[in-house]
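What follows is one structure encoded as structure tokens, with my remarks underneath.
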Amino acid sequence: MVPSDSTVRVRFAPSPTGFFHIGSARTALFNWLYARHCGGTFLLRIEDTDRQRDTEEYLQVLLDGLRWLGLDWDEGPTVGGPHGPYFQSQRGEIYAAYLQKLRDSGRVYDKDGAVWFRVSGEPALIDDRIRGRVQRLEEKDFVIVRSDGSPVFHFVIVVDDIAMAVSHVIRGEDHLSNSSKHVELFRAFDRPPPLYAHIPLILKTNGPGKMSKRDSGALIEEYQRRHYLPEAVRNYLCLLGWSPKNDREILPIEEIIALFDLPAVNRNNARFDEKKLAHMNGEYVRALPAEEFYGRALPLLREAGLLAGAPTEDYVRSVLALCQEKLRGLEELPHFCAYFFREDFSMDENGRKKIFAAGDPAVRVREFLAALGQWNGEWTENSLEQLLRAFAEERGRKTSDYVHPLRYAVSGQTVGPGFYGMLTILGRERVLDRLSRFPCH
RNA sequence: GCCCUCAUCGUCUAACGGUUAGGACACCGGAUUCUCAUUCCGGCAAUCGGGGUUCGAUUCCCCGUGGGGGUGCCA
């Protein structure tokens, strides 16, 4: 049973930079998981303090990415809430009021046109649900309002977290050292600091340092564009720094929500592994219920121009049903099944070499074509299989001596779905036609 | 430099102080009398080093070493 704790309030506070980094996405995910696990509130707050940028357009990338991953927020842009506005650029008056509190208590001073915060000289205690109690002395005073009047990150997040009643701050470990500044500010406002949870960082697959936006696989947009299943990406991200134990990896999000908790989050950084993500995506694709697979696949076929010949829905469905179990990802579907929809399909070059290396395929194709032309049997998977087996046996050959050249002649590929199912769906006319044209195509 | 933090196969991870240190990805090999990119089976492969504590340490403590982060009028 999921405990319900309405006092838990967590937030994801991204800056709209024009891309959605995988590390940010994982931070958003862990916040969301914790909120859902506790029955708490997940808020989205936009740190759009940099006014030079085109916030509106950049914001959309972020919101699209969050929605795509299924991370819905309870308060924030487009949904509103009682603690708005949820854009930092619109919270100037609140920052001014909080700054005045610090002036009144003598914790700030002006220097070089900027406002400086005076540190206490006491080590700050960071109460971290993942790392335990971390102590750090903030030694130097720091700027909280720049000389151009704009408030600094450290100041605004503390003000916003107070004003929005945030109970748990779940963020990347790169902020752990900054937390001493934040705890100092909370104390200066005479407020108890929130509970922290500094989650491990996602490191580059190879080489030093954390994932940067330039690394392959670093951006959520990329997975959207490549038709990854969002459930798969989300599931993979859950496994970077957390484990459901019991040797399980793929599990429904409801179950992850039930199992997820902060103390169970790992403390060590994790390297990103694009291959494992791709593998997991394949597992999700192959496990999709037929109806859902059809719904997800159709747009890809359309995009690739494969539906230009207006195939019937039944035909498309049978092609998809045949191909699904072989796919490693939706992305490869159009190429994988193109020959079902067009006559000018490509002949794989490596496949050609492979086939010809085993003997002249045209001979086998002609032999079988002759037999097939006179054959009056039922055009079904079973009877086609019986036909070919008997045919090969009569000639003292292995079935595979014929299957390989025939598959290549009919599909241009050496790999693909089950051979007899493929013939069945293509139909008598097209199979005869393609065989008779081989190797010219 | 200083501060914080972390440490199990190449990678992601599991293991009340007692296990032949488990699973997954990747890689390698085999099977699926049609392919393989699906599926199945098998293999390779790890407790960073040194001290303690303990009958017993991957697990607790200390010191090294190595990694990561911070140290901005960036967020």
Side-chain angles (χ1 to χ4, degrees), chain A residues 13-17 24 47-50 88 111-116 123-124 126 128 130-132 134-140 142-154 156-157 171-181 198 200-206 208-210 236 239-250 266-280 282-283 285-286 323-329 332 336 351 354-355 385 388-389 392-393 398-408 411 413-423:
Chain A
S15 172
T17 52
S24 294
E47 315 240 326
D48 58 344
T49 47
D50 191 344
Q88 283 187 344
K111 191 175 86 179
D112 304 328
V115 181
W116 291 70
I126 301 147
D128 194 292
I130 296 170
R131 283 149 214 285
V134 177
Q135 280 195 310
R136 186 171 186 280
L137 175 66
E138 194 60 42
E139 291 175 293
K140 293 185 294 188
F142 55 93
V143 170
I144 58 171
V145 180
R146 298 184 193 91
S147 49
D148 69 358
S150 61
V152 170
F153 162 76
H154 302 298
V156 297
I157 65 156
R171 51 163 40 156
E173 198 219 345
D174 48 344
H175 288 293
L176 183 53
S177 293
N178 287 329
S179 295
S180 49
K181 289 188 177 72
H198 286 93
L201 301 182
I202 300 178
L203 269 30
K204 291 179 197 291
T205 306
N206 300 301
K210 52 181 178 175
Y236 173 74
L239 266 26
L240 247 32
W242 177 82
S243 165
K245 323 275 191 209
N246 298 114
D247 294 339
R248 297 209 300 155
E249 292 194 326
I250 293 185
N266 294 146
R267 292 186 291 273
N268 48 324
N269 295 337
R271 275 190 196 277
F272 179 69
D273 185 349
E274 207 169 356
K275 285 185 175 172
K276 183 145 185 174
L277 206 195
H279 176 266
M280 194 167 277
E283 299 247 334
V285 167
R286 292 187 295 275
C323 295
Q324 181 181 3
E325 61 170 336
K326 297 283 185 177
L327 290 178
R328 289 179 304 181
E332 67 182 16
F336 192 85
K354 198 170 148 189
I355 292 293
E385 183 169 355
L388 184 57
R389 281 177 188 284
E393 200 177 338
K398 290 183 293 183
T399 313
S400 57
D401 291 340
Y402 289 95
V403 169
H404 298 327
L406 290 169
R407 172 190 291 281
Y408 186 69
S411 71
Q413 304 291 320
T414 54
V415 299
F419 177 62
Y420 304 105
M422 188 175 100
L423 295 185

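Naming: A, B, ... by sequence-line order, numbering from 1 per chain.
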Query raised in the report: Between B:C12, B:A75, B:C6, which one does the side chain of A:Lys276 approach most closely?
Result: B:C12
Requested in this report: Send over the distance from A:Leu176 CG to B:G67 C1', rounded to a whole Å.
Outcome: 16 Å
Report summary line: Whole-Å distance, A:Tyr408 OH to B:U35 P, equals 18 Å
Query raised in the report: Atom NE2 of A:His175 and atom C1' of B:A75: how far apart are they, to the nearest Å?
Result: 7 Å
Report task. Could you state the atom-to-atom distance from CZ of A:Arg131 to P of B:C4 in whole Å? Result -> 14 Å
Requested in this report: Would you mind telling me which of B:U13, B:A37, B:C3 lies closest to the side-chain atoms of A:Asn266?
Outcome: B:U13
**Report entry** N or O in side chain of A:Arg146 less than 4.0 angstrom from B:A75 OP1/OP2
**Finding:** yes
**Report entry** Axial cation check for A:Phe336 ring with A:Lys326, 6.0 Å and 45° limits
**Finding:** no
**Report entry** Donor-acceptor contact below 3.5 Å, side chain A:Tyr236 vs main chain A:Asp273
**Finding:** yes
Report summary line: Closest of B:U5, B:A75, B:C25 to the A:Glu47 side chain is B:A75
Requested in this report: For B:U11 and B:A7, measure between their P atoms and round to the nearest Å.
Outcome: 14 Å
Query raised in the report: Nearest to the side chain of A:His404, which nucleotide is it out of B:C25, B:G70, B:C34?
Result: B:C34
Report task. Return the value, rounded to whole Å, for the distance between atom NZ of A:Lys354 and atom C1' of B:A37. Result -> 11 Å
Requested in this report: Examine the base of B:C34 for any acceptor or donor lying under 3.5 Å from a partner atom in the side chain of A:Arg407, and report the outcome as yes or no.
Outcome: yes
Query - B:G56 versus B:U19 - spacing of their C1' atoms, nearest Å - result: 14 Å
Query raised in the report: Looking for any heavy atom pair under 4.0 Å, which part of the strands does A:Pro417 touch: base, sugar-phosphate only, or nothing?
Result: base
Query raised in the report: Can you name the one residue among A:Ser179, A:Ser177, A:Ser180 that meets side-chain hydrogen bond (donor to acceptor under 3.5 Å, both in side chains) with A:Glu138?
Result: A:Ser180
Report task. Report the residue (A:Thr399 or A:Gly241) whose heavy-atom-nearest nucleotide on RNA chain B is the more 5′ of the two. Result -> A:Gly241
Report task. Indicate, with a heavy-atom threshold strictly under 4.0 Å, whether A:Ser243 touches base, sugar-phosphate, or nothing. Result -> sugar-phosphate
Report task. Establish whether the base of B:G70 is bridged to the side chain of A:Asn178 by a donor-acceptor pair shorter than 3.5 Å. Result -> no
**Report entry** Gap in Å between the two C1' atoms, one belonging to B:U58 and one to B:A14, rounded
**Finding:** 12 Å
Query - Donor-acceptor pair, side chain of A:Asp128 and main chain of A:His198, under 3.5 angstrom - result: yes
Query raised in the report: What nucleotide, of B:G69, B:A7, B:C12, holds the atom closest to the side chain of A:Arg267?
Result: B:A7
Query raised in the report: So, does the side chain of A:Ser147 form a donor-acceptor pair with the base of B:C73 at under 3.5 Å?
Result: yes
Report task. Show your reasoning for whether side chain to side chain contact (heavy atoms under 4.5 Å, CB included) applies to A:Ile250 and A:Met280. Result -> CA-CA 8 Å; A:Ile250 293 185; A:Met280 194 167 277; 4.1 Å; yes
Query - Check: B:A26 base within 3.5 Å donor-acceptor of A:Lys275 side chain - result: no
Query raised in the report: Across the strands shown, which category fits A:Gly209 at heavy-atom distances under 4.0 angstrom: base, sugar-phosphate, nothing?
Result: sugar-phosphate
Requested in this report: Could you work out which one of B:C6, B:C34, B:A37 sits closest to the side chain of A:Val403?
Outcome: B:C34
**Report entry** Below 4.0 Å: OP1/OP2 of B:C3 and any side-chain N or O of A:Ser177
**Finding:** no
**Report entry** Proximal nucleotide (of B:G72, B:A37, B:A75) relative to the A:Glu332 side chain
**Finding:** B:A37
**Report entry** Phosphate OP1/OP2 of B:U39: any A:Arg286 side-chain N/O under 4.0 Å
**Finding:** yes
Query raised in the report: Is the distance from OP1 or OP2 of B:U8 to the nearest side-chain N or O of A:Asn268 less than 4.0 Å?
Result: yes
Report task. Between A:Glu385 and A:Ala114, just flag the one whose closest nucleotide in RNA chain B comes earlier from the 5' side. Result -> A:Glu385
Query - Euclidean distance for P, B:U8 against B:G68 (whole angstrom) - result: 14 Å
Query raised in the report: Which is true for A:Lys140 with a 4.0 Å heavy-atom rule: it touches a base, it touches only sugar-phosphate, or it touches nothing?
Result: sugar-phosphate
Query raised in the report: Contact class for A:Tyr420 vs. all strands (heavy atom < 4.0 Å): base, sugar-phosphate, or nothing?
Result: base
Query raised in the report: Nearest to the side chain of A:Val152 - B:U11, B:A75, B:U5?
Result: B:A75
**Report entry** Separation of atom NZ in A:Lys181 from atom P in B:C3, rounded to whole Å
**Finding:** 15 Å
Requested in this report: Check every atom of B:A37, B:U35, B:G68 against the side chain of A:Glu173 and return the nucleotide holding the closest atom.
Outcome: B:G68
Query raised in the report: Just by modelled atom types, is the A:Arg146 backbone N or O under 3.5 Å from a matching donor or acceptor in the A:Ser150 side chain?
Result: no
**Report entry** Counterpart base for B:C25, defined by Watson-Crick or G-U wobble contacts under 3.5 Å
**Finding:** B:G10
Query - B:C16 pairs with, by Watson-Crick or G-U criteria that keep both distances under 3.5 Å - result: none
Query - Under 3.5 Å on both distances, the Watson-Crick or G-U partner of B:G56 - result: none
Query raised in the report: What distance, rounded to whole Å, do you find between the two P atoms, one in B:U47 and one in B:G22?
Result: 13 Å
Query raised in the report: Does any donor-acceptor pair link the side chain of A:Lys326 with the base of B:C36 at a separation under 3.5 Å?
Result: yes
Report task. Pick the C1' atom in B:U53 and in B:C63, then give their distance to the nearest Å. Result -> 15 Å
Query raised in the report: Is there a donor-acceptor pair under 3.5 Å between the side chain of A:Ser15 and the backbone N or O of A:Thr17?
Result: no
Report task. Using a heavy-atom cut-off of under 4.0 Å over every strand shown, decide if A:Gly172 touches base, sugar-phosphate, or nothing. Result -> nothing
Query - Short side-chain to backbone donor-acceptor contact, A:Thr205 and A:Phe272, under 3.5 Å - result: yes
Report summary line: Checking B:A15, B:A24, B:C25 against the side chain of A:Asp273 (C-beta onward), the nearest is B:C25
Query - B:G10 to B:G18 separation - C1' atoms, rounded to the nearest Å - result: 30 Å
Report task. Could you state the atom-to-atom distance from CD1 of A:Ile202 to C1' of B:G69 in whole Å? Result -> 15 Å
Query raised in the report: Just how far, in rounded Å, is P of B:C73 from NE2 of A:His154?
Result: 9 Å
Requested in this report: Tell me the partner of B:C2, counting only Watson-Crick (N1-N3 plus N6-O4 or O6-N4) or G-U wobble (N1-O2 and O6-N3) with both under 3.5 Å; none if nothing fits.
Outcome: B:G70
Query - Taking every non-hydrogen atom, the tightest pair across A:Arg271 and A:Leu240 - result: O-CD1, 4.3 Å
**Report entry** B:A15 to B:U59 separation - P atoms, rounded to the nearest Å
**Finding:** 14 Å
Query raised in the report: Is the closest side-chain heavy-atom distance between A:Pro244 and A:Trp242 below 4.5 Å?
Result: yes
